[in-house]
Amino acid sequence: MKQKTDRILAGGFVATLFLVAILFFLLPVQRFSELENRYLQKAPHLTWDNLLSHTYAEEAESFVTDHFPFRAKWVWVKSAVEQMRLQQENNGIYKGKDGYLFEKFAAPDYTKVQQYAAAVKRFADNNPDANTTFLLAPTSVGLYKERLPWLAPVYSQAEVNQTIAKDVGDSLTFINGFDVLSPHAAEPIYYRTDHHWTTYGAYLAYVAYAQSMGWQPLSQSEYQIQTVSNSFLGSYHTRGQFIGVTPDSIQMYKPNHEVSTQMYIQDTGETLKSMYDLSYLEKKDKYSYFLGGVHALMKITSQLDPTTVKQKKLLVIKDSYAHSVIPFLTQHVPEIHVIDIRYYNGNISDYMAQNDIKDVLLLFNTATFIDNAALLKLN
């Protein structure tokens, strides 16, 4: 009887493996995961160099993991089981107080952090004629440590920001996001379910940058603040898959005195008449409503009254935290060039010279900055 049971179990196990393998090859290969809001690993390309460097093996493993049959369902099941066990963490996301989800933040590799900060410093030193500003914003876990679950470990982002500030020295103007946001910590400056700041948090960053440049920022009363979505479940919810999470709202600040704006996306060759893409409000990735998501290079031009122009051109080198800030800047600068250094591979100094750009804003969040080797492309 035992042997028969063992054969059934073994046969069932082999049949399951066979079925999974068949499904792996039969199911269509997805390019983008709406659930995880990221591009999935493409099929690896076999070359001698890739084979010898182990790149092929690593990409093959990622490809199998990303395209495992019904992967999204398995992620949800894992999360449900973890919550039944009263776990407050899943896939690197904590379920905190007041409805907030937080990403784990561990001590960074300071060797890399110093390399990235040195790249920023060299960039500023290599462009002495440019007025360079670096705004480094904490993520929600950096500002709201008291809202983490009991005994949840977290490293100080404030300490990281201070280290980076020392490393960049006086080569540029450094704006510490803690100084900007801490006085408003009791206000809704971060989404609860996503890693970005809210439009209000972006507004505070805009005010800080405007003041550092000697501009007069627009007050909130000079905008019509409109809620464009009440159903935003962001990247932290995607990864944590916690049940019973309240969605966030997304707001748009519409100036009382609107200006005509065009946005040229070099990646696609498109010219759009709006900085907001309404189609994303119907998708999982609702934050891409701002600027239509990630693009390597964009140029935004605004028809401003010459008397309101504070500077003619601005280059923004950024991560996605800048997406909700840039619309505010269009009220002051008629020509804004936007580079996402993760995807832009040109020489930035040459680009500045070709376009006669004398003002630069680097805008990153701390969690992205410390793990962004693309910053080395600044030099």
Side-chain angles (χ1 to χ4, degrees), residues 32-40 71-72 75-76 78-80 82-83 88-105 137-144 147-149 152 154 157 177 181 185 187-205 225-253 276-294 318-327 340 342 363-369 371:
F32 185 83
S33 170
E34 289 285 348
L35 176 66
E36 297 172 271
N37 188 28
R38 68 178 179 89
Y39 287 96
L40 301 177
R71 182 173 184 271
V75 170
W76 184 88
K78 176 180 180 293
S79 176
E82 294 290 351
Q83 290 179 73
Q88 296 298 306
E89 181 270 328
N90 189 46
N91 292 333
I93 302 298
Y94 290 115
K95 188 174 185 181
K97 301 173 185 176
D98 303 327
Y100 278 86
L101 304 180
F102 298 102
E103 183 178 34
K104 280 186 177 181
F105 188 83
T139 59
S140 57
V141 73
L143 210 61
Y144 295 149
R147 299 184 185 183
L148 283 164
V154 63
Q157 286 191 11
L181 301 176
E187 301 170 68
I189 55 180
Y190 290 102
Y191 295 114
R192 295 185 304 274
T193 69
D194 191 67
H195 65 286
H196 293 103
W197 48 22
T198 61
T199 316
Y200 176 61
Y203 170 77
L204 295 175
I225 303 175
Q226 303 174 348
T227 298
V228 295
S229 176
N230 287 310
S231 58
F232 179 37
L233 291 169
S235 59
Y236 290 168
H237 172 264
T238 295
R239 287 172 51 189
Q241 289 293 295
F242 288 104
I243 299 169
V245 174
T246 303
D248 284 298
S249 297
I250 296 178
Q251 293 181 325
M252 188 267 275
Y253 281 46
Y276 304 96
D277 190 333
L278 293 171
S279 69
Y280 280 101
L281 297 179
E282 305 302 321
K283 300 178 183 179
K284 171 69 175 173
D285 181 20
K286 288 180 171 54
Y287 185 77
S288 286
Y289 164 73
F290 299 101
L291 304 190
V294 175
K318 55 78 182 180
D319 61 24
S320 56
Y321 261 49
H323 292 194
S324 50
V325 177
I326 289 172
D340 192 311
R342 294 169 295 181
L363 201 166
F364 294 89
N365 73 72
T366 306
T368 297
F369 185 88
D371 195 30

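- Residues Tyr253 and Pro327 have side chains not in contact (no heavy-atom distance under 4.5 Å, counting atoms from C-beta outward).
- Contacts of Asp340 classified as salt bridge (Lys or Arg N to Asp or Glu O under 4.0 Å), with partners at least two apart in sequence or in another chain: Lys318, Arg342.
- By the 30° and 60° cut-offs, the orientation of the rings of Phe369 relative to Phe364 is perpendicular.
- Under the 3.5 Å distance criterion, the side-chain polar atoms of Arg147 are left unmatched by any main-chain donor or acceptor of Gly96.
- Side chains of Tyr289 and Leu278 form a contact here, defined as non-hydrogen atoms less than 4.5 Å apart.
- Checking Asp98, Thr139, Ile189 one by one against Tyr144, the side-chain contact (heavy atoms from CB on, under 4.5 Å) holds for a single residue, Ile189.
- A search for side chain to side chain contact (heavy atoms under 4.5 Å, CB included) contacts involving Thr368 returns Asp319, Asn365, Asn372, not counting sequence neighbours.
- His195 contributes atom NE2, which lies 13.5 Å from atom CG of Leu101 (distance to the nearest 0.5 angstrom).
- Looking at every heavy atom in both residues, Leu181 comes nearest to Leu204 through CD2-CD1, 4.1 Å.
- A donor-acceptor contact shorter than 3.5 Å links the side chain of Arg192 to the backbone of Pro247.
- Using cut-offs of 30° and 60° on the angle between ring planes, the pair Tyr287 and Phe290 is tilted.
- By the side chain to side chain donor-acceptor pair (under 3.5 Å) test, Asp371 is found to be paired with no residue, residues two or more places apart in sequence or in another chain being considered.
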Side chain to side chain contact (heavy atoms under 4.5 Å, CB included), that's the test. Do Val141 and Tyr100 meet it? Break it down for me. CA-CA 9 Å; Val141 73; Tyr100 278 86; over 6 Å; no
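- Residues meeting the side chain to side chain donor-acceptor pair (under 3.5 Å) test with Ser279, sequence neighbours left out: Asp277.
- Side-chain atoms of Tyr280 and Ser229, non-hydrogen and from C-beta on, never get closer than 4.5 Å to each other.
- Rounded to the nearest 0.5 Å, atoms CZ (Phe232) and CG (Asp285) are 7.0 Å apart.
- To the nearest 0.5 Å, the span separating CD on Gln251 from OG1 on Thr227 amounts to 4.5 Å.
- Looking at Val228, Asn230, Thr198 one by one, the single match for side-chain contact (heavy atoms from CB on, under 4.5 Å) with Ser249 turns out to be Asn230.
- Listed by chain and residue number, Asn161 satisfy the side chain to side chain donor-acceptor pair (under 3.5 Å) test with Thr366 (two or more places apart in sequence, or in another chain).
- The two residues Pro138 and Tyr190 make their nearest non-hydrogen contact at O-OH, 2.6 Å.
- Tyr200 is linked by a side chain to side chain donor-acceptor pair (under 3.5 Å) to His184, Glu187, counting only residues two or more places apart in sequence or in another chain.
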From CA spacing to verdict: ring pair (Phe, Tyr, Trp, His ring centres under 6.0 Å), His237, Phe242: CA-CA 6 Å; His237 172 264; Phe242 288 104; 8.5 Å; no
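- A donor-acceptor pair is defined here as one N or O able to donate and one able to accept, closer than 3.5 Å; such a pair exists between the side chain of Asn90 and the backbone of Gly240.
- Between Ser231 and Lys286, the shortest heavy-atom contact is OG-CE, 3.3 Å.
- From His323, atom NE2 reaches atom NE2 of His196 across 7.0 Å, with rounding to the nearest 0.5 Å.
- Side-chain N or O atoms of Lys284 include none that pairs as donor or acceptor with a backbone N or O of Ser235 at under 3.5 Å.
- A pairwise comparison of heavy atoms in Trp197 and Ala205 identifies CH2-CB, 3.3 Å as the closest pair.
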